[in-house]
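All remarks here apply to the structure that follows.
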Protein chains: 2
Amino acid sequence: MTEPIRLLLADDQALVRGALAALLSLEPDLTVVAEVGRGDEVVPEARRTRPDVALLDVEMPGLDGIAATRAVRAAVPGCRVLVVTTFGRPGYLRRAMEAGAGGFVVKDTPARQLADAVRRVHAGLRVVDPALAAETLATGASPLTERETEVLRTARGGGTVAELAATLHLSEGTVRNHLSAAIGKTGARNRADAVRVAEENGWLLG
Amino acid sequence: MTEPIRLLLADDQALVRGALAALLSLEPDLTVVAEVGRGDEVVPEARRTRPDVALLDVEMPGLDGIAATRAVRAAVPGCRVLVVTTFGRPGYLRRAMEAGAGGFVVKDTPARQLADAVRRVHAGLRVVDPALAAETLATGASPLTERETEVLRTARGGGTVAELAATLHLSEGTVRNHLSAAIGKTGARNRADAVRVAEENGWLLG
DNA sequence: CGGCGGGCCTGACAAATGTCACGGCGGCAA
DNA sequence: TTGCCGCCGTGACATTTGTCAGGCCCGCCG
């Protein structure tokens, strides 16, 4: 038999990380060589242990999974990436693929399929959840303009228009206008709603 | 050797559920006899399979983990409950314990400790994360009054004051007043902020 | 009993938010 | 060139939101 596939696991929840390690270690052709809990530990650990495939969560402290994907693809070209995430946000899939991921799996998928996904990614195939792919195509790219995204992203932290205007070096009226446009385009009714919708669609990352 | 401890797993994310099953099945004295993905499937499955310990996630469709704890404790008294959750929201711990849980573990805890937690809960001991317990005591019970929580919970979905007033059969002024009180007590600056803070502390459940 | 405190309800007022119409600028096609 | 269209920036205006003072009711303690 040939060498087993070497895996790196990145997930901020230690319990989930360990459980995934146990699950994947059941497969004779897979072996977990590294585990990290932060996005910015992925590249150093990948350099050191030279895994064949890295399983990255999207929600991580330090560096989000998309950025970590880009970084590890650049630093360790031989290492393929399978992104595993809690939320099937349409924009996440597109961005993960643009960042060089070989596959994208949501945590709702049956556990039995994970090992197969890993093997396919390792073989150079693309793995995506079909339902999620369809939704991504339906939702499409962000309708928000550059400034609108920026304002919305700043508004995410919560704060009055005056503060936003100050940090962005804009007039209050301008901020209000961008916010209003974003509210209209997202179909929301509040500023808070608009932030929520945009976040759920992954339009606030870039 | 005596009979193994029989486990029921409840988590809405199939991947995590399966991974936990793999992790716990590594222990010779533990066996997973049932898995469910919804809160309202816990009691029927527990009646059927008679587990010794049920591991329940808090965030689940159908019925949240706290309510599921109460239900399973009432329907299957011999089954102890270990609540496993993503967020260490202070209020969750208190409510879980009040509902009859034997233990409370956050998903940040190392994987090696999970099996021990299961064994202790099975033995009738109480298992809680010490750091989280301290925070719970510090945060204390909800400062919100009954109406305030109700209004805040209704406002969670987003919507204008007029709509809230209509669904609650109150005057707009009253709704505004409750909202204002909640904003003050939570230390928030917006209605949205207040909702977020209250949710993070687990004050919006009961 | 009378006073006190707290929760609940309400309306009036000030402040923030969202909408609109407008002008400037740059790309692009006729 | 000219006209058109989209993005950006801005201020005036209406709507919504948050704050405040006050009235009502009930339980509690002196």
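All values below come from the heavy atoms of this structure, side chains included, with hydrogens, waters and symmetry mates left out. As the structure is a computational prediction, the values presented were derived from the model and not from experiment. We name chains A, B, ... by the order of the sequence lines, and we start the count at 1 in each one.
- Considering only side-chain N and O atoms, B:S171 lies under 4.0 angstrom from the phosphate OP1 or OP2 of C:dG11.
- Under the 3.5 Å distance criterion, the side-chain polar atoms of A:E199 are left unmatched by any main-chain donor or acceptor of A:R196.
- As a whole-Å value, the separation of A:E172 CD from C:dT19 P is 17 Å.
- Taking only side-chain nitrogens and oxygens, A:T145 never comes nearer than 4.0 Å to OP1 or OP2 of D:dG6.
- Between B:T174 and C:dT10, a side-chain N or O to OP1/OP2 separation shorter than 4.0 Å is present.
- Between the CD atom of A:E148 and the C1' atom of D:dG6 there is a distance of 11 Å, rounded to whole Å.
- A straight line from CD of B:E150 to C1' of C:dC9 spans 14 Å, rounded to a whole angstrom.
- Between B:N190 atom CG and C:dA16 atom C1' the separation is 9 Å, expressed in whole Å.
- You'll find the side chain of B:D29 stays beyond 4.5 Å of the side chain of B:H122, heavy atoms only.
- Applying side-chain contact (heavy atoms from CB on, under 4.5 Å) to B:R80 and the options B:V118, B:V121, B:L125 leaves one that passes, B:V121.
- Considering A:D12, A:D57, A:V36, A:L9 in turn, A:L9 is the only one that fulfils the side-chain contact (heavy atoms from CB on, under 4.5 Å) rule with A:R17.
- Distance B:L144 CG to C:dC8 C1': 15 Å, rounded to the nearest Å.
- Nucleic acid contact for A:N177: base, since at least one base atom lies under 4.0 Å from a heavy atom of the residue.
- Closest to the side chain of B:R176, out of C:dC8, D:dT19, C:dG18, is D:dT19.
- Close to C:dT19, at under 4.0 Å from its OP1 or OP2, lies a side-chain N or O of A:S180.
- Checked options B:K185, B:R153, B:H178; the residue passing with B:E148 is B:K185 (criterion: side chain to side chain donor-acceptor pair (under 3.5 Å)).
- Residue A:R147 is in sugar-phosphate contact alone, with no base atom involved, counting any heavy-atom pair closer than 4.0 Å across all strands shown.
- Between the NZ atom of B:K185 and the P atom of D:dT19 there is a distance of 14 Å, rounded to whole Å.
- Among the atoms of the strands shown, only primed sugar atoms or phosphate atoms (P, OP1, OP2) are found under 4.0 Å from some heavy atom of B:T160.
- The CZ atom of A:R191 sits 14 Å away from the C1' atom of D:dT15 (whole-angstrom rounding).
- A residue-by-residue look at B:V175 and A:A162 shows that B:V175 has its nearest nucleotide of DNA chain C further toward the 5' end.
- Among D:dT10, C:dG18, D:dG18, the nucleotide with an atom closest to any side-chain atom of B:I183 is D:dG18.
- As a whole-Å value, the separation of A:L170 CG from D:dC7 P is 17 Å.
- A:L179 comes within 4.0 angstrom of no nucleic acid atom, judged by non-hydrogen atoms across all strands.
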